[in-house]
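In what follows, chains are A, B, ... by sequence order, proteins preceding strands, each numbered from 1.
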Amino acid sequence: MALDKTQIAQRIAQELQDGYYVNLGIGIPTLVANYIPEGMDVVLQSENGLLGIGPFPEKGKADPDLINAGKQTVTYLPGSAFFDSSFSFAMIRGGHIDLTVLGAFEVTENGDISSWKIPGKMVKGMGGAMDLVAAAKNIIVATTHVDRNGQPKLKKKCDLPLTGVNCVKKIVSDMAVVEVTDKGFKLLERAPGVSVEEIVAATGAPLIIDGEIPEMQF
Amino acid sequence: MALDKTQIAQRIAQELQDGYYVNLGIGIPTLVANYIPEGMDVVLQSENGLLGIGPFPEKGKADPDLINAGKQTVTYLPGSAFFDSSFSFAMIRGGHIDLTVLGAFEVTENGDISSWKIPGKMVKGMGGAMDLVAAAKNIIVATTHVDRNGQPKLKKKCDLPLTGVNCVKKIVSDMAVVEVTDKGFKLLERAPGVSVEEIVAATGAPLIIDGEIPEMQF
Amino acid sequence: MNKVVKNAEEAIADLQSNQTLMLGGFGLSGIPENCINAMVEKGIEGLTCISNNAGVDDFGLGLLLKKHQIKKMISSYVGENKEFERQMLSGELEVELNPQGTLAERIRAGGAGIPAFFVPAGYGTEVAEGKEVRVFDGKPHILERALTADFSIIKAWKGDKAGNLIFRHTANNFNQPMGMAGKITIAEVDELVEVGELDPNQIHLPGVFVQRIFQGVGYEKRIEFETTR
Amino acid sequence: MNKVVKNAEEAIADLQSNQTLMLGGFGLSGIPENCINAMVEKGIEGLTCISNNAGVDDFGLGLLLKKHQIKKMISSYVGENKEFERQMLSGELEVELNPQGTLAERIRAGGAGIPAFFVPAGYGTEVAEGKEVRVFDGKPHILERALTADFSIIKAWKGDKAGNLIFRHTANNFNQPMGMAGKITIAEVDELVEVGELDPNQIHLPGVFVQRIFQGVGYEKRIEFETTR
């Protein structure tokens, strides 16, 4: 059975390592924060100027001067630091963030990603996504495997305007964990109960399938 | 009679305006700080990271963490701010400093300046001088009119390696105040008791002399 | 040298139609509420506004949009504003979208006297169209130009009468770099203190960058998405 | 995640000959005394040192120079050091002189992922030799490249165990940008405190940039030109 959003976040959390500085995009990626393994030091960066995002505030304690990049009220943790936007992106562009997790409309077998614009329909802007994908060492996309119309989101070529090229390293979808290799998509894991055939059918580009594909472990 | 160093500094201080942010180079320029007119707000910038240089510390109060760009111990004033070197030069390069006063080996009639290197002899480096002359809105050179060998320092062309081109706006020497105009050097004022003829003789490029040249007033 | 003005009206008195402005803030956090309201009141038009976001329909820059005072926006994210979307799609409003980090760095560069610089962000996307591409260390980059403005209008937490500013939490965001990039920078602050009351090691933006300052009144500090545990 | 090391020896344990280092400080103010001494002790050679100055004959980087451990210096001002001058004039030491602001910005750019940028400083001088010149807004600029280093070795005032740093007065200088530009950044501090003791609004260099930190000992903090009233 395909994963729900929470499970996608849970699976991505397994990619975290002690000492990681991580930027989590809006949506499913934000949920990853809830599954940081106990005892592991992971510091969350918010590109509007905070290193060390804490949990959402208690009711009545929301501070308008303290929001995340999704404009949600947050808190900060001991050891946090605040800084301006140019410094924040110096941190991102300079490669000091270990991992970026973000959503996508489409991802290609060579790691291109479209995530910010649907011509004629959605014109919200790219925010910090282009900077993040151009600079982070490791970029994981959190997404459903197919779109609302059942069309593959993992493709040979993006149809929508690009956010970045050759940048996505891994995709964790509701159906599979897929690595972007020099030779294209490589299937690493299946969602529990989802078959390799189902994943192949739902993917818009060839999948390298090397031996037995294990189920994700939670 | 030609001015002494203190008088050169005094004359330059007359160029200050209320609200000016000023960077004073090493040597005579530093002395300008002693002649800021009473009641005038002038803020001194030190390119190693201080806006608002105060007087030298009292004996026994020198702080190794608080020096000026000449590496002398200083103090700071109420309203001062400290910052790093890249920010300091953002301030300078971005044109936020109103006036830079510095010494020179040579200045040319089109505003070129040499001040940092004597090939084969002196190789200390340019420090912040190249950044300052490339960016300040107004650059005044404080200098003797001739060098130790009696040779003019105001010339048609620099013989020594340049610090910057087309940048010096005014020269206050021990003999004269000279403006650098589109048409070359223009004599503005004479040191008390120094004749126009003496100044012309000591200058290595033509001087525009427009009417009666007044003596400097102190 | 007196930088202190009475209020927003006095601060923006010589601001004119068709000028280019930078306006600090991220979402509705750290926006110069007083000056925005005064600009709405003043009715100047044809403005080019450099601001990461465009407010919401009834607050922040949305107020200027509603009255058609803005000709062009240079931003990174303009969601959460229906009137904005309408004006953009209808062609009434010109919009230049920048990657957020590129926008922030263009502004910092404008204040720092760096006319152009290379960044990786946007390479291979429509952002790169018409821009010089150059490979450094095997990675393609695009050349981006600095931004400056006739006025930078920013919001800080504490400021002293010499213009030194301290920002609070994530309300800093674009305010600090924008404060460096305006020909004239106007700072409105929650609290205006005497010179000497701020620790010189804690100044985020030194007074040299700030030409006018005043203590704002009646801050609404609206929260866009109040999220609690 | 443990960033705290015991001392300078442990901090530089894997530093090797022929590597490129950035060393913070302006003159003798804010230099990483402990690490410099440990490097002298360790005897590594062939170093490329990026540092605004080169210390004095018997202190700071002068100690490494004296033992011929430095192959190349990238600096802006190297006066006040006779041995330096001798080695440079004799050709034993390679020296690249940069305008100070260009040096600082090249370092910041290295940390900020900006591979190259244009500045006016040095145009028309020998600094511009071999560099691309381009006119922006009527003014010629030269293209400068970013600097990075295998190790950045910096000195701060207070630091916490997460690597967050606060500098004091003009001892900040090159330490902050260099802290951003090292593949590994080592910070020695006057005072190492627990996580949470520093105000998050007052951090000059956030911990993400710092890989190793320790509280230094026996700081001499020599004054180059003690000047009093």
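Checked by atom type and distance alone, the side chain of B:T73 pairs as donor or acceptor with a backbone atom of D:T227 at under 3.5 Å. With B:R93 contributing its side chain and D:G101 its backbone, the two residues share a donor-acceptor pair below 3.5 Å.
Neither the backbone nor the side chain of B:I92 has a heavy atom closer than 4.5 Å to any heavy atom of chain D. Of the atoms belonging to B:K117, it is side-chain heavy atoms, and not backbone ones, that fall under 4.5 Å from chain D. Interface remark: D:R168 contributes backbone and side-chain atoms alike to the contact with chain B (heavy atom separation under 4.5 Å). Residue B:D112 does not touch chain D at all, counting heavy-atom pairs closer than 4.5 Å. Looking at D:N175, there are no atoms closer than 4.5 Å to chain B (heavy atoms on both sides), in backbone or side chain.
Residue D:N173 holds its CG atom at 10.0 Å from OG of B:S88, rounded to the nearest 0.5 Å. D:S29 contributes atom OG, which lies 7.5 Å from atom CG of B:N48 (distance to the nearest 0.5 angstrom). Note that CZ of B:F83 and NE2 of D:H204 are 11.0 Å apart. Values are rounded to the nearest 0.5 Å.
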Would B:I67 and D:F26 satisfy side-chain contact (heavy atoms from CB on, under 4.5 Å), going step by step from the backbone distance to the final call? CA-CA 9 Å; B:I67 62 174; D:F26 181 95; 3.9 Å; yes
Quiz: residues 146-157 of chain D side-chain donor-acceptor pairs under 3.5 angstrom, not counting sequence neighbours:
residue	atom	partner	partner atom	Å
D:D150	OD1	D:K183	NZ	3.2
D:D150	OD2	D:T20	N	2.9
D:S152	OG	D:M178	O	2.7
D:S152	OG	D:G182	N	3.3
D:K155	NZ	D:D190	OD1	3.4
D:K155	NZ	D:D190	OD2	2.9

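Residues B:K71 and D:Y77 are in side-chain contact: their nearest non-hydrogen atoms beyond the backbone lie under 4.5 Å apart.
By the neighbour-count criterion of 12 heavy atoms within 6.0 Å, atom CD of D:E92 is densely surrounded, having more than that number from other residues, nucleotides or ligands.
Contacts between residues 126-143 of chain B and chain D, defined by a heavy-atom separation under 4.5 Å, are made by B:M126, B:G127, B:G128, B:M130, B:D131, B:A134, B:A135. Along residues 144-171 of chain B, the residues that come nearer than 4.5 angstrom to chain D, judged on non-hydrogen atoms, are B:P161, B:L162, B:T163, B:G164, B:V165 in order of number. Residues of residues 120-127 of chain D lying within less than 4.5 angstrom of chain B, judged on heavy atoms, are D:P120, D:A121, D:G122, D:Y123, D:G124, D:T125, D:E126, D:V127 in numerical order.
The aromatic rings of D:H169 and B:Y76 sit perpendicular to each other, their planes meeting at more than 60°, with 30° as the lower class boundary.
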